[in-house]
Undergrad: 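Sharing a structure below in structure tokens format, with a few things to ask.
Each chain gets a letter, A, B and so on, in the order its sequence line appears, and its residues count up from 1.
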Amino acid sequence: MEYKRLLITAALPYANGPVHIGHLAGCYLPADIYVRYQRAQKRDVKFVCGSDEHGVPITIRAMKEGTTPQAIVDKYHELIKESFHQMGISFDVYSRTSSATHRETSQAFFKKMFDDGAFEVKESEQYFDESKQMFLADRYIVGTCPVCSNDNAYGDQCEKCGSTLSPEQLINPHSALSNSKPIKRKTQHWYFPLNKYETWLKEWIVEGKKSEWKSNVYGQCKSWIDAGLQPRAMTRDSSWGVPVPLPNAAGKVLYVWFDAPIGYISATKELTPMWSDYWQKEDTKLVHFIGKDNIVFHCIIFPAMLKSHGGYILPENVPANEFLNIEGEKVSTSRNWAVWVHEYLSDFPDQQDLLRYVLCANAPETKDNDFTWKDLQTRVNSELSGNLGNFVNRAFVMMHKLCNGRVPAFHKEATNESDLALIADLKEAKEKIEAAIESYKFRDALSEIMAISTKGNKYLQVNEPWNLVKTLETTPANQKRIDNCIHLSLQLCANLAIFINPFLPFTAQKMCNMMKVVERMLDWENGGRVDLLKVNYPLREPQILFKKIEDSEVADQVEKLKTRSQQVMELKDSTLSNNQTEPSPEKAIIQFEDFAKIDLRTGIILQAEKVEKADKLLKLSVKLGEEERTIVSGIALYFTPEEIVGKQVVVVANLAPRKMRGIESQGMILMSENEDGKLVFVSPTEPVAPGSEVR
RNA sequence: GGCGAGGUAGCUCAGUUGGUGAGAGCGCAGGAUUCAUAACCCUGAGGUCUCGGGUUCAAAUCCCGAUCUCGCUACCA
């Protein structure tokens, strides 16, 4: 299809923290490169983004810091927006989901779907905090993790051991708001029956996008669709978010994942009154740039919403990137293992392009990749500085030395093979770069550009004008060869500026300045031309395009990363151990009779084996006196079956039996936890007869 | 356990629909050069393409099995 205009979106960053370089590499930088390229092609393109400001984590954070959700999002919205701006991420609009436009847009969207009968109302039981008179999202419920015994596990996840949880699993659950024990209460929500869109999604994605979408994206989608889709609640009980636009819906807001993607639409509305052209005309190409964590929402849920609402176009592509690791470890905001963009900007002022280059050259396009400061140094020093920067500098210095600071003429009669080869290479490179960018292979495109620079260096090496100048007295005709060589080298510089512009816009600007040309020269159609700089035109003195990175800078950054992360972990450890020494306020005093109800006995593990189809379960045979019990225990992550056979343990002998993975567990093994979070058996210090009572 | 994506030179990564002796950058060894940000240019060493089967005249590439890494998901008291 011939597209008349493009709408490019980049994932809305969540406004409860700053952005790190993984965000840039995964989403914003590729999107920006693509957009800058399209602008240079003079195509009608809009680039929209904004802060995602609703959802539970923001309310939690506000609560912890004793402030309001609005204050949190105001702070991070500004920080994130400024980081992007400084990095040269050239959004046409950077909006936010707390804006009035967005509230109206998302409410209207919901209302239309509601009026069309797109939702199903369902009643369910949710946890409710009586003292605060509000429903609690899973994350609002805090308790002890059943896996690692962390006292601060959330109802959806334990951040210490990473287990996925549900509130029912927490030991001693309590409200994060009031510390009171939550009760269950009935509530109703509007569900979007995704299952009704299965057939359509199969047709659209599984059959239609197989060869178009990246394999990681396609595979994820197919996996979800094949597994079968479930109706999904599109509303929540909360005071923070877009109110559900219906009567009798007090205290209900739109689910953050319902309203967030609509944020793309509202941002476009704020940008232009022509917004509907970009969202509702079939000859618009819509592309969502996201990280791999967002695939299901952008490829399945949001398209289904658009389809249900009607009148909207669907994404032509969703080129999701994988994750970027830092110095060999996964990025973790809670461990503060990350390189924050605003910190890079203050540590490396005016060197945005260095980071843009490295993040693109090593972008996680097909798999998770690793970022190291050492690699940044190597790439900057040898590729940017040694190859590209050095070539431009050589061309300019020689022009000043051998050609009076002016663009020399190109003498056709003195043309040699290397001239012709260079001109041909340039035209070929342009096509390769275009093809790579159009198919979202930015890494390839960038290396093609660097290859041009390498060719430039070789071209100088072959023609060696610095030697020709010494032969002028005996062979004056060589001046023409010098002219041709410098002339073409300079035209190559102009081309490099054009090609590099989407990737390294700050550098392209510097080069324009050196060549004394206006920005219009950077129009993509000029690529491949060798008459961009006019003969006899005086050019400026060269400036150093890329400063080298010193070893000490690398060491400083690595050090900074490590010590900061260590500090966070120490802080966490200390708060954690404080929590452990203090008796939990929720555990009420019990009477002796209550304690006596528990039948604790020592036992010996006779056999142990892994439970089929379960990662964490071991099936144990435990001898308690004459009796032998089968107990299923969730300790397989910490112990192999072999090492625990013969171990003395303490067993809750009168716990009601419970089936797990089809095996009836007749008791529970008592475990404690060491400082690393590893489980440890509670066991008598001396051998005791199996079945002995523990009192 | 299920599903998805990966496992290619010391390191970071490319390898389109199976087909000339398997690639790039960095690093390493040697050479050449001095216009240039001690940069650039040339040459070379280095890979049983995770392992094991199979299809084929031909497999890094297709199929089956194993194994490791990452992600989603299930189980977790």
Undergrad: Any carboxylate oxygen within less than 4.0 angstrom of a Lys/Arg side-chain nitrogen, looking at A:Glu365 and A:Lys214?
TA: no
Undergrad: Side chains of A:Gln461 and A:Arg394 only: does a donor on one sit below 3.5 Å from an acceptor on the other?
TA: yes
Undergrad: Under a 4.5 Å cut-off applied to non-hydrogen side-chain atoms, are A:Val392 and A:Leu545 in contact?
TA: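 In short, these two side chains touch, coming nearer than 4.5 Å.
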Undergrad: Quick check for you: among B:C40, B:C35, B:A14, whose closest atom lies nearest to any side-chain atom of A:Asn457?
TA: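 Looking only at side-chain atoms, A:Asn457 lies closest to B:C40.
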Undergrad: May I ask you to test the A:Glu553-A:Gln377 pair for a side-chain heavy-atom distance under 4.5 Å?
TA: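 A side-chain contact under 4.5 Å is absent here.
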Undergrad: Picking from B:C72, B:A14, B:U34, which would you name as closest to the side chain of A:Thr366?
TA: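 The nucleotide sitting nearest to the side chain is B:A14.
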Undergrad: Is A:Arg443 close enough to B:A14 that one of its side-chain N or O atoms is under 4.0 Å from OP1 or OP2 there?
TA: yes
Undergrad: Below 30° counts as parallel, above 60° as perpendicular, anything between as tilted: where do the rings of A:Phe302 and A:His298 land?
TA: perpendicular
Undergrad: Roughly how far apart, to the nearest Å, are B:G30 and B:U17 at atom C1'?
TA: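 About 42 Å, rounded to a whole number of Å.
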Undergrad: Take the protein atom CG of A:Asp293 and the nucleotide atom P of B:C70, then report the distance between them rounded to whole Å.
TA: 17 Å
Undergrad: Just how far, in rounded Å, is P of B:G4 from CD1 of A:Ile300?
TA: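 Going from CD1 in A:Ile300 over to P in B:G4 covers 14 Å.
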Undergrad: Heavy-atom distance under 4.5 Å between the side chains of A:Leu324 and A:Val331, does that happen here?
TA: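 SC-SC contact between A:Leu324 and A:Val331 ruled out.
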Undergrad: Which nucleotide in the set B:C35, B:U37, B:G71 lies at the smallest distance from any side-chain heavy atom of A:Trp466?
TA: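 So the nucleotide nearest the side chain must be B:C35.
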Undergrad: With C1' as the reference atom in both, quote the distance from B:C64 to B:U55 in angstrom, rounded to an integer.
TA: 11 Å
Undergrad: Which is more 5' along RNA chain B, the nucleotide nearest A:Glu365 or the one nearest A:Leu384? Just name the residue.
TA: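 The residue closer to the strand's 5' end, by nearest nucleotide, is A:Glu365.
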Undergrad: Can you check ring-ring contact (aromatic ring centres under 6.0 Å, His included) on A:Phe192 and A:Tyr197, steps first, answer last?
TA: CA-CA 10 Å; A:Phe192 183 41; A:Tyr197 295 83; 5.2 Å; yes
Undergrad: Using the P atom on both, measure B:C63 against B:U16 and round to a whole Å.
TA: 14 Å
Undergrad: Looking at the side chain of A:Asn390, which of B:U37, B:U34, B:A36 is the nearest nucleotide?
TA: B:A36
Undergrad: Looking only at atom C1', what distance separates B:A9 and B:U50, rounded to whole Å?
TA: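 Straight-line distance between the two C1' atoms is 15 Å.
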Undergrad: Which heavy atom of A:Met399 sits nearest a heavy atom of A:Val407, and at what distance?
TA: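 Scanning both residues, the minimum pair turns out to be SD-N, 4.4 Å.
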Undergrad: How about A:Lys441: does its NZ atom have over 12 heavy atoms from other parts shown lying under 6.0 Å from it?
TA: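 Incorrect, the count does not exceed 12.
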Undergrad: If I pick the P atom on B:G46 and the same atom on B:G10, what distance separates them, to the nearest angstrom?
TA: 11 Å
Undergrad: Check the distance between B:C40's P and A:Phe391's CZ and give it to me in whole angstrom.
TA: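 So the CZ-P distance, A:Phe391 to B:C40, works out to 14 Å.
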Undergrad: What is the separation between atom CG on A:Asp444 and atom P on B:U12, rounded to the nearest whole Å?
TA: 19 Å
Undergrad: What orientation do A:Phe348 and A:Trp373 show, parallel under 30°, tilted 30 to 60°, or perpendicular over 60°?
TA: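 Correct class here is parallel.
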Undergrad: Identify, with sequence neighbours excluded, every residue that meets side chain to side chain donor-acceptor pair (under 3.5 Å) alongside A:Ser621.
TA: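 For A:Ser621 there are no side chain to side chain donor-acceptor pair (under 3.5 Å) partners, ignoring immediate neighbours.
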Undergrad: Protein-nucleotides 24-31 of chain B N/O pairs closer than 3.5 Å?
TA:
residue	atom	partner	partner atom	Å
B:G25	O2'	A:Glu383	OE2	2.8

Undergrad: Give a yes/no on whether any side-chain N or O of A:Lys401 is located under 4.0 angstrom from OP1 or OP2 of B:A36.
TA: yes
Undergrad: Expressed in whole Å, how much space separates the P atoms belonging to B:C76 and B:C13?
TA: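 Pairwise P distance, B:C76 against B:C13, rounds to 37 Å.
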Undergrad: Can you identify which nucleotide, out of B:U37, B:C35, B:C13, has its nearest atom closest to the A:Asp370 side chain?
TA: B:C13
Undergrad: Send over the distance from A:Lys330 NZ to B:C70 C1', rounded to a whole Å.
TA: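 Distance, rounded to whole Å: 7 Å.
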Undergrad: Taking the side chain of A:Lys367 as its heavy atoms from C-beta onward, which of B:U37, B:A36, B:U8 lies nearest to it?
TA: B:U8
Undergrad: Between B:G53 and B:G27, how many Å separate the two C1' atoms, rounded to a whole number?
TA: 37 Å
Undergrad: What integer distance in Å separates A:Asn387:CG from B:A38:P?
TA: 15 Å
Undergrad: Report the nucleotide, chosen from B:U34, B:G6, B:C41, that has the shortest atom-to-atom distance to any side-chain atom of A:Lys458.
TA: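 So the nucleotide nearest the side chain must be B:C41.
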Undergrad: How is A:Lys548 classified with respect to the nucleic acid when contacts are heavy atoms under 4.0 Å: base, sugar-phosphate, or nothing?
TA: base
Undergrad: I'd like the C1' distance from B:G44 over to B:G2, given in whole Å.
TA: 50 Å
Undergrad: Both atom distances under 3.5 Å, Watson-Crick or G-U wobble: I'd like the secondary structure of RNA chain B as a dot-bracket string, with | for pairs made across strands.
TA: (((((((..((((.....[...)))).((((.........)))).....(((((..]....))))))))))))....
Undergrad: Taking only side-chain nitrogens and oxygens of A:Asn369, does any of them come within less than 4.0 Å of OP1 or OP2 of B:C13?
TA: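 Indeed, a polar side-chain atom of A:Asn369 lies that close.
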